[in-house]
Amino acid sequence: MKRKYLILFSLSGFVIALDQFTKNLAYARLTPGEEHPILGGLLTFTRTHNTGFAFGLISRAPDSLKDVFFIGIPVFALVLIVLIFIKLQDDQMVTSVALTTLLAGAIGNLIDRVQYGHVLDFVRINFLGMQIPPFNVADCSIIIGVVLMILNTLGTGRTRGVA
């Protein structure tokens with residue numbers, strides 16, 4: 001089996017399982033709106049049902065638009081990611097990991113949308129007086145994938161002499 005597929009199946013399986021496990025714990029142990037600060041309030045566990053997109057955006061849009069936006073677009077993106085992944089060379093490990101984390105995060109949140117009609121967010125960071133909106137493991141996975149893609153692109157550009 002090619003290394004990129006080993007990365008895809010093992011890493012995405014791990015991220016999706018961790019995401020769903022932590023969300024099930026949050027459902028079981030937190031009630032909506034309940035807050036449990038830890039680490040001196042740096043982290044807060046709080047159960048929120050995100051019916052919007054990326055920090056609650058478009059949460060007030062009509063349901064028909066939400067269905068297209070929250071189900072149709074992620075499915076299209078998942079297909080696109082898989083097609084790009086198939087075209088990757090086996091030695092493009094950073095891109096393989098980045099696409100895998102993007103895919104796993106998208107699947108984790110898509111599972112929530114299909115199963116519950118919302119995404120469960122349960123971790124909030126309070127840092128230097130700023131409160132980062134609640135998020136989950138799938139969101140972290142997506143952010144890691146985006147950062148890896150940016151760093152890989154910047155690194156590739158420098159090695160090719162592109163300014």
* Asked: Which heavy atom in Ala138 sits nearest to a heavy atom in Gly105, and how many Å separate them?
  -> CB-O, 3.3 Å
* Asked: Within the distance-only criterion (no hydrogens, no angle test), does the side chain of Gln92 pair as donor or acceptor with the backbone N or O of Gln89 below 3.5 angstrom?
  -> yes
* Asked: Got a donor-acceptor contact below 3.5 angstrom from the Arg47 side chain to the Leu120 backbone?
  -> no
* Would you check if the side chain of Asn50 reaches a backbone N or O of Val119 as a donor-acceptor pair within less than 3.5 Å? => no
* **Step-by-step side-chain contact (heavy atoms from CB on, under 4.5 Å) determination, Thr44 to His36** => CA-CA 5 Å; Thr44 300; His36 294 278; 5.8 Å; no
* Structure fact -> For Leu78 and Ala106 the tightest heavy-atom approach is CD2-CB, 3.6 Å
* Asked: Between Ser12 and Ala104, is there a donor-acceptor pair closer than 3.5 Å when you use the side chain of the first and the backbone of the second?
  -> no
* If you draw a 6.0 Å radius around OH in Tyr27, do more than 12 non-hydrogen atoms from other residues or ligands fall strictly inside? -> yes
* Are Phe9 and Leu83 connected in a single hydrophobic cluster, I mean Ile/Leu/Val/Met/Phe/Trp/Tyr linked by side-chain heavy atoms less than 4.5 Å apart? -> no
* Asked: Is it true that Ile107 and Leu80 fall in one hydrophobic cluster, defined by side-chain heavy atoms closer than 4.5 Å?
  -> yes
* **Main-chain N/O of Gly145 paired to Thr101 side chain as donor or acceptor, under 3.5 Å** => yes
* Asked: Taking it one step at a time, do Phe122 and Phe135 satisfy side-chain contact (heavy atoms from CB on, under 4.5 Å)?
  -> CA-CA 6 Å; Phe122 60 91; Phe135 58 92; over 6 Å; no
* Does Phe21 share a hydrophobic cluster with Val123, counting links as ILVMFWY side-chain heavy atoms below 4.5 Å and allowing steps through other members? -> no
* **Closest heavy-atom pair and its distance - Ser96, Leu88** => OG-CD1, 3.6 Å
* Does the side-chain contact (heavy atoms from CB on, under 4.5 Å) test come out yes or no for Leu102 and Ile144, once each step is laid out? -> CA-CA 8 Å; Leu102 286 167; Ile144 289 168; over 6 Å; no
* **Over all atoms of both residues, closest heavy-atom pair of Pro74 and Leu110** => CB-CD1, 4.1 Å
* Among the clusters formed by ILVMFWY side chains lying less than 4.5 Å apart, do Ile71 and Ile142 turn up in the same one? -> yes
* Might you work through the side-chain contact (heavy atoms from CB on, under 4.5 Å) test for Leu30 and Thr46, ending with a clear yes or no? => CA-CA 7 Å; Leu30 298 170; Thr46 181; 5.8 Å; no
* Partners meeting side chain to side chain donor-acceptor pair (under 3.5 Å) with Asn109 (sequence neighbours left out) -> Lys23, Asn136, Asp139
* Same cluster (ILVMFWY, side-chain, under 4.5 Å), Leu103 and Ile86 -> yes
* To do: Quick one: closest heavy-atom pair of Glu34 and Arg29, and the distance?
  => OE1-O, 4.0 Å
* Indicate the ring-plane relationship of His49 and His118, choosing parallel, tilted or perpendicular according to the 30° and 60° boundaries. => parallel
* Asked: Could you state the interatomic distance from CG (Leu25) to CZ (Phe45), rounded to the nearest 0.5 Å?
  -> 10.0 Å
* **Euclidean distance, Glu35 CD relative to Thr48 OG1, rounded to 0.5 Å** => 10.0 Å
* Thr95 vs Leu148 side-chain heavy atoms within contact, under 4.5 Å -> no
* Quick one: OG1 on Thr100 to CE on Met93, what's the gap to the nearest 0.5 Å? -> 9.0 Å
